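The structure appears below as structure tokens.
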Amino acid sequence: MQDFFAHETALVDVGCTIGTGTKIWHFSHIMSNCTLGEKCNIGQNVVISPEVILGNNVKVQNNVSIYTGVTCDDDVFLGPSMVFTNVINPRSAIIRREQYAKTHVGKGASIGANATIVCGHDIGEYAFIGAGAVVTKNVPPFALVVGNPAKHIGWVGEYGHRLEFNEKGIAVCHESKQEYMLENNTVTKIS
């Protein structure tokens with residue numbers, strides 16, 4: 001007996017590991033040897049390619065493509081129609097499966113609608129990728145990036161709110177009251 005829900009139109013290939021409480025919605029295809037954690041929500045028309053790994057409580061919105069080589073930690077949000085790539089220089093006539101580049105998305109990161117993550121670039125924990133951004137380099141933890149190519153324009157806390165640092169390099173999230181420190185262009189949570 002399965003401990004997850006898959007809509008009758010969803011396809012779940014043999015060899016997948018799917019955690020308790022995960023929901024897979026209309027017309028989605030979970031390909032062989034994927035690992036989906038507990039309490040994930042896989043929206044409509046999602047493709048998850050072979051050997052992708054998603055942590056617990058990952059939210060994948062409608063029309064998302066997650067290709068081989070991608071791993072996501074717990075609590076990641078993947079916005080509608082965003083996409084990961086897995087080959088730097090694809091050509092239809094040339095098979096490059098041996099050249100798939102890896103992309104890792106850290107705990108609690110959010111990727112906005114229609115964003116593209118070019119393969120081989122990692123997204124740090126709690127980073128926030130704006131809608132439509134094209135990520136062409138690594139994104140540090142807690143960074144806010146927007147545009148094409150994506151540019152770092154600020155910092156966000158675990159709750160997704162913009163952080164404003166004082167002259168001592170300290171910021172307090174107005175919702176959670178958590179404190180953060182900015183030092184050497186790196187943000188760390190201090191409480």
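Keep in mind it's a predicted model, so treat the numbers as computed, not measured.
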side-chain hydrogen bond (donor to acceptor under 3.5 Å, both in side chains) between Asp13 and His29, worked out: CA-CA 8 Å; Asp13 289 352; His29 187 181; 3.1 Å; yes
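- Within the 4.5 Å cutoff, the side chain of Ile24 has heavy atoms near those of the Val12 side chain.
- Counting heavy atoms from C-beta outward, Phe84 and Ile111 have side chains that approach closer than 4.5 Å.
- In this structure a side-chain-to-backbone donor-acceptor pair under 3.5 Å is missing from Ser191 to Gln178.
- Taking NZ of Lys23 as the start and NE2 of His7 as the end, the distance is 13.0 Å to the nearest 0.5 Å.
- No side-chain N or O of Trp25 forms a donor-acceptor pair with one of Asn45 less than 3.5 Å apart.
- The shortest non-hydrogen separation linking Val145 to His152 is CG1-CA, 3.7 Å.
- Within 6.0 Å of the CD1 atom in Ile95, the count of heavy atoms belonging to other residues, nucleotides or ligands does not exceed 12.
- The backbone N or O of Pro80 lies less than 3.5 Å from no partner atom in the side chain of Asn62, so there is not a single donor-acceptor pair.
- To the nearest 0.5 angstrom, Thr136 atom OG1 is 6.0 Å from His121 atom NE2.
- Residues Tyr126 and Pro141 fail the side-chain proximity criterion, which asks for heavy atoms closer than 4.5 Å.
- When the side chains of ILVMFWY residues are joined at heavy-atom separations under 4.5 Å, either directly or via intervening members, Val139 and Val76 end up in a single hydrophobic cluster.
- Heavy atoms only, all atoms of each residue included: Ile42 and Ser28 are closest at CG2-OG, 4.2 Å.
- Proximity of Thr68 to Met31: side-chain heavy atoms (C-beta onward) are nowhere separated by under 4.5 Å.
- Hydrophobic cluster membership is shared by Ile129 and Val64, with clusters built from Ile, Leu, Val, Met, Phe, Trp and Tyr side chains linked at under 4.5 angstrom.
- Nearest heavy atom pair, residue Gly37 against residue Cys40, reads O-SG, 3.5 Å.
- With rounding to the nearest 0.5 Å, the separation of CD1 in Ile170 from CD1 in Ile190 is 4.0 Å.
- Side-chain atoms of Thr85 come within 3.5 Å of backbone N or O of Cys119 as a donor-acceptor pair.
- Between the CG atom in Leu163 and the CD atom in Glu179 there is a gap of 11.5 Å [rounded to 0.5 Å].
- Residues Arg162 and Trp155 fail the side-chain proximity criterion, which asks for heavy atoms closer than 4.5 Å.
- Residue Val58 is grouped with residue Ile66 when hydrophobic side chains (ILVMFWY) are merged at heavy-atom distances under 4.5 angstrom, including chains of intermediate members.
- Without hydrogens or angle criteria, Asn166 side chain to Lys168 main chain gives a donor-acceptor distance under 3.5 Å.
- To the nearest 0.5 angstrom, Ser110 atom OG is 11.0 Å from Lys59 atom NZ.
- Of all heavy-atom pairs between Ala115 and Gly130, the closest is CB-O, 4.0 Å.
- For Lys107, the NZ atom counts as densely surrounded, since its 6.0 Å shell holds more than 12 non-hydrogen atoms of other residues, nucleotides or ligands.
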Candidate pair Lys189 and Glu158, rule salt bridge (charged side-chain N to carboxylate O under 4.0 Å, His left out), full reasoning: CA-CA 9 Å; Lys189 188 170 90 167; Glu158 287 184 25; 2.8 Å; yes
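- The closest side-chain heavy-atom distance from Ile117 to Met82 is below 4.5 Å.
- Side-chain contact check for Asp74 and Asn57: no donor-acceptor pair (N or O, by modelled atom type) lies under 3.5 Å.
- Scanning all heavy atoms of the two residues, the minimum distance from Glu38 to Thr22 falls at C-OG1, 3.7 Å.
- A donor-acceptor pair is defined here as one N or O able to donate and one able to accept, closer than 3.5 Å; no such pair exists between the side chain of Asn148 and the backbone of Ala133.
- The same ILVMFWY cluster, assembled from side-chain heavy atoms under 4.5 Å apart, contains both Ile30 and Val105.
- Hydrophobic clustering (side-chain heavy atoms under 4.5 Å, transitive across Ile, Leu, Val, Met, Phe, Trp, Tyr) groups Leu36 together with Phe4.
- Between atom CD1 of residue Ile123 and atom SG of residue Cys72 there is a gap of 9.5 Å, rounded to the nearest 0.5 Å.
- Smallest separation of non-hydrogen atoms from Pro140 and Ala127: O-CB, 3.7 Å.
- Side-chain contact check for His104 and Thr71: at least one donor-acceptor pair (N or O, by modelled atom type) lies under 3.5 Å.
- Side-chain contact between Phe165 and Tyr180 is present, with heavy atoms from C-beta onward closer than 4.5 Å.
- Thr17 places no side-chain N or O within donor-acceptor distance of the main-chain N or O of Cys34, the cut-off being under 3.5 Å.
- By the 4.5 Å heavy-atom criterion applied to side chains, Val70 and Asn86 are not counted as neighbours.
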